[in-house]
Amino acid sequence: MPEQDPRQDPVEAGDHVVLIDGSAYIFRAYHALPPLTRTSDKLPVGAVAGFCNMLWKLVRAQGFEPKPTHLAVVFDKSEQTFRKDIYPLYKAQRPDLPEDLRPQFPLIREATRAFDLACVEQDKYEADDLMATYAELAKAKGALVTIISSDKDLMQLVDARVRMYDPMKDRAIGAGEVVEKFGVGPEKVVDVQSLAGDSVDNVPGVPGIGIKTAAQLLAEYGDLDTLLARAGEIKQTKRRENLIEFADQARLSRELVTLKRDVPLDVPLDDIAVVEPEGKRLIAFLKAMEFTTLTRRVAEAYEIDAGAIEPDPGLRAGGAETALLAAGLDPETKEPAIPTEAAAALGEGFTPQALSAARIKEAATTPVDRSKYETVTTLERLREWVARAFELGLIAVDTETTGLDPMQAEIVGFSLATAPNEACYVPLAHKGGDEGLFSEGLLPNQIPLDDAIAAIKPLMEHPGVLKIGQNLKYDWLILKRLGIELVAYDDTMLVSYVLDAGASPHGMDPLSMRWLGHTPIKYEEICGKGKGQIRFDRAPIDKASDYAAEDADVTLRLWQVLKPRLAAEGKATVYETLERPLVTVLARMEARGITIDRQMLSRLSGEFAQGMGRLEAEISEMAGETFNPGSPKQLGDILFGKMQIPGGRKTPTGAWSTGADVLEELAEQGHELPRRILDWRQLQKLKSTYTDALPGYVHPETGRVHTSFALAATTTGRLSSSEPNLQNIPVRTEEGRKIRQAFIAAPGHKLISADYSQIELRLLAEIADTPSLRQAFQDGLDIHAMTASEMFGVPIEGMPGEVRRRAKAINFGIIYGISAFGLANQLSIPREEAGAYIKRYFERFPGIRAYMDETRNFAREHGYVETLFGRRCHYPDISAKNPSIRAFNERAAINARLQGSAADIIRRAMARMEPALEKAGLSARMLLQVHDELIFEVPDDEVGATIPVVREVMELAPFPAVALEVPLKVDARAASNWDEAH
DNA sequence: AAGTCTTCGTA
DNA sequence: GTACGAAGACTTC
């Protein structure tokens, strides 16, 4: 660092040396301010922000007279100080550093440097000792010293040439203030502290003597040694005995509290001369931290255009140094940010945590070098890569295809990686030139597809070689269609999901930026986007090769970082039982698809269209003009503008709200138009989303519909389904169920639908430890009726439907993290009444209130909650300042434990289902999952034998990991279509 | 052409 | 009050 030269300037008489107690600032900033995280990546930066604001205030205040000639921000370095050597209990009871403060230490040092201020710290010595030494040296040269700190331990340094300044209270501390605090002058502060001790730092002192008594004794006897020598003269019995008995302890305390004024300084006093701040570096830092207000202020003060300055590339979100920080490592030393004894011990041993930390460190320090990639053009070279993979026992794989749908896309090439920067791309089907109707236009130097498949098949199917991929379900399906059944794999996307669900995204690009500090080539850079986009097989091989090989390289590197975290963070079992097995289970379900009755859907489309036509005519009639009933804007204008119907609400953006609830209310008041709109909307929804769209998803070859299940899409562990979404097929209305009837079994088969009955309520009874609810489930009672009976004192026999309905709404409300507002909305009752219901519910079921409080507190403290099976769901915004955001996160966290536990259970069932069916000699095939329901296709004559197996696997899914007190119940039925089976 | 808002289907 | 995805309207580039 060439920054020492400009800082060198001997201290002379009349100079002004300012010493800032950095460590004290950090803790002040951390504890005094609400938590704050950087917007783009949730890096905790609250203390950094507070620290920067304080420094800026100090620098700008210029209230130091005379102007500082030398200035240093002084930090504590390690916990291992010479005081610990003489008294191991010194500061021993300090609580561990908060998790979100640790990574801020290196950032705060960065901040100091960005301010162009000297940053001083030294092993074995506390900041206080360093300041004492600087002060002593400066004094000797005739300089004036100002110590910026409010720490009472520094008050012993105050004298004619050394003053203190308390930045919190904004006042100077001179001898007068010291007397106020200790009852003695600065020169006797040490003696007072030796007697009174300090519970915070674990300085023992003498029992029964506090600051007041100590000051009084010293006033009488002069100094500590005299006092101890003449202790026998003291009148008060207990005090006399204690002073005699604990004299040594007082002397030890003196050693602890006396600041060392002769530390052999690493950075000499003359090397902390003030340099003229540049401003640009500071702005680059502040921009990287995303401190917009301070950035603006600083830019204005320096008259610099902040927009023209790039955020510090290493520290910005996604920067390499940020990646290290996220792992708790200091970007400069690559060591744990604060080397605690625990961390030091881990660093030496082969613990999972040590391995994980080491991998994170390596990952962010080995740059991606695309020039090292190879394009494989011969079978011989491919075979050498395969041999290398067998030798290593591990290889990263990525397939490149013509599209996003793994059931339709064709392979274009694949890439492999065996080590960082050791990656290749194998082009197979790149095309170029004129692609005539009959000619393929295949480019030269590509291995024939069949040869390549034959070369890699043994590798991919070998159980002894680990294949690593990102979103491997996609590649598994592509390879499956080429006759390769991939086994023995890890999926980096799923590893990330297990570790960080809800906290950060799991796509390859964000993962690469976060863990490797590297931005991979974008797909658009190779193939363009929008209208001009080309398929991957039309991309030039050299560019495609860089892109594809990089994907495999990055995937391998991500695996090196993320996989050890599983063991280090105790999540290996979650990954291995709830995630990894689902890749092939879901891939097979997707590959099977489900049959739909296209004729039936087409007929329904016609019927819906007719109904809509009739309604449109009536709507125009009533409105007195034709408008688009599908436009909320136009509809709002008609209803609340032209027709002047009262009772309109606005959406958050200021538009008229025309939601179903609003229209329903208007309809109940006797308005005809809103009813017609509601009916029209239902038909429009069913037609556009289902009857018109579904036939478009029928696969040209299989004749079936193949949805795609996402494993890593939700915060709670649920799956999601898309293209098409088969998890939201209508069921509530008669019209909607007709769509469900169009999902049919193949000839000679039936569909079996098996769903968990009230699984989330059962889990609530279990987790919230509510005996009456548990008993009700054990006795097989109607749970909503039982709730109503408990709450309203109505007997279950002959209970009015309305009473049960309300109890049911409350039960669901509880699962969703209830609020009076939401329940009132749901039941259309006043908020006060809803509040009273909730109060009564909690009185009847106090365990549930306790559960909700516990979950809220846990989430608040940790930033995540865990399911029964250990899955973590992160809620980084749980401590948001905005009360409604915070409340939302609290409700989500309460819901996540239940929804997530249920999701875990059905995942366990799915992972066991195939082997269980096979063992029973059954050929039933799982087709769909709808959160608490599984749908199978079964030969007619196996229906009877299949249902009990399915039921048993599902009901026993939690065992043996978790033994539930509450039984799980599964309802299962078979029919020729989904509606009747459900 | 791409992104946001509103609405609505499911558990 | 929780968790999603899709479609159409509308806005912005």
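Every heavy atom of this structure was used, including side-chain atoms; hydrogens, water molecules and symmetry mates were not. Reminder, nothing fancy here: chain letters follow the sequence lines and each chain counts from 1.
For NZ of Lys839(A), the number of neighbouring non-hydrogen atoms (other residues, nucleotides, ligands) closer than 6.0 Å is 12 at most.
With salt bridges taken as basic N to acidic carboxylate O contacts below 4.0 Å, one links Glu590(A) and Lys473(A). The pair Arg907(A)-Glu579(A) meets the salt-bridge criterion, with a side-chain N (NZ, NE, NH1 or NH2) lying under 4.0 Å from an Asp/Glu carboxylate O. A salt bridge does not link Arg681(A) with Asp679(A): every distance from a Lys NZ or Arg NE/NH1/NH2 to an Asp or Glu carboxylate oxygen is 4.0 Å or more. Checked for salt-bridge contact, Arg806(A) and Glu802(A) meet the test: a charged N lies under 4.0 Å from a carboxylate O. Looking at Lys738(A) and Glu734(A), no side-chain N of the basic residue comes within less than 4.0 Å of a carboxylate O on the acidic one, giving no salt bridge.
With Trp656(A) as the aromatic partner, Lys633(A) does not meet the cation-pi criteria of under 6.0 angstrom to the ring centre and within 45 degrees of the ring axis.
Within 4.0 Å of Gly817(A), counting heavy atoms only, lies no atom of the nucleic acid at all. Within the 4.0 angstrom heavy-atom criterion, only backbone atoms of the sugar-phosphate kind lie near Gln684(A); the bases stay farther away. At the heavy-atom level, Ser720(A) lies under 4.0 Å from the strands shown only through sugar-phosphate atoms. Backbone-only contact: Asn628(A) has heavy atoms under 4.0 Å from sugar-phosphate atoms and none from a base. Across all strands shown, Arg891(A) has heavy atoms under 4.0 Å from sugar-phosphate atoms exclusively, and none from any base. Counting any heavy atom pair closer than 4.0 Å across all strands shown, Gln826(A) reaches a base atom.
Counting 5' to 3', DNA chain B first comes under 4.0 angstrom of a heavy atom of chain A and last does so at the ends given by dA1(B) to dA11(B).
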Tyr497(A)/Tyr575(A) under ring pair (Phe, Tyr, Trp, His ring centres under 6.0 Å): CA gap, chis, key distance, verdict:
CA-CA 9 Å; Tyr497(A) 180 61; Tyr575(A) 172 69; over 10 Å; no
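Within residues 658-666 of chain A, the residues that place at least one heavy atom under 4.0 Å from DNA chain B are, in residue-number order, Thr658(A), Gly659(A), Ala660(A).
Atoms CG (Asp637(A)) and C1' (dA9(C)) sit 13 Å apart, rounded to a whole Å. Regarding Tyr816(A), its OH atom lies at a distance of 13 Å from the P atom of dC4(C), rounded to whole Å. Rounded to an integer number of Å, the gap from Asp692(A) CG to dG8(C) C1' is 13 Å. In this structure, Glu723(A) atom CD and dG5(C) atom P are separated by 11 Å, rounded to whole Å. The nearest whole Å value for the distance from the CD atom in Gln929(A) to the C1' atom in dC4(C) is 12 Å.
For Ser819(A), taking side-chain heavy atoms from C-beta onward, the closest of the listed nucleotides dA7(C), dG5(C), dG1(C) is dG1(C).
Checked against a 6.0 Å centroid threshold, the rings of Phe845(A) and Tyr841(A) count as neighbours.
When Watson-Crick and G-U wobble pairs are counted only if both distances are under 3.5 Å, dA9(C) pairs with dT4(B).
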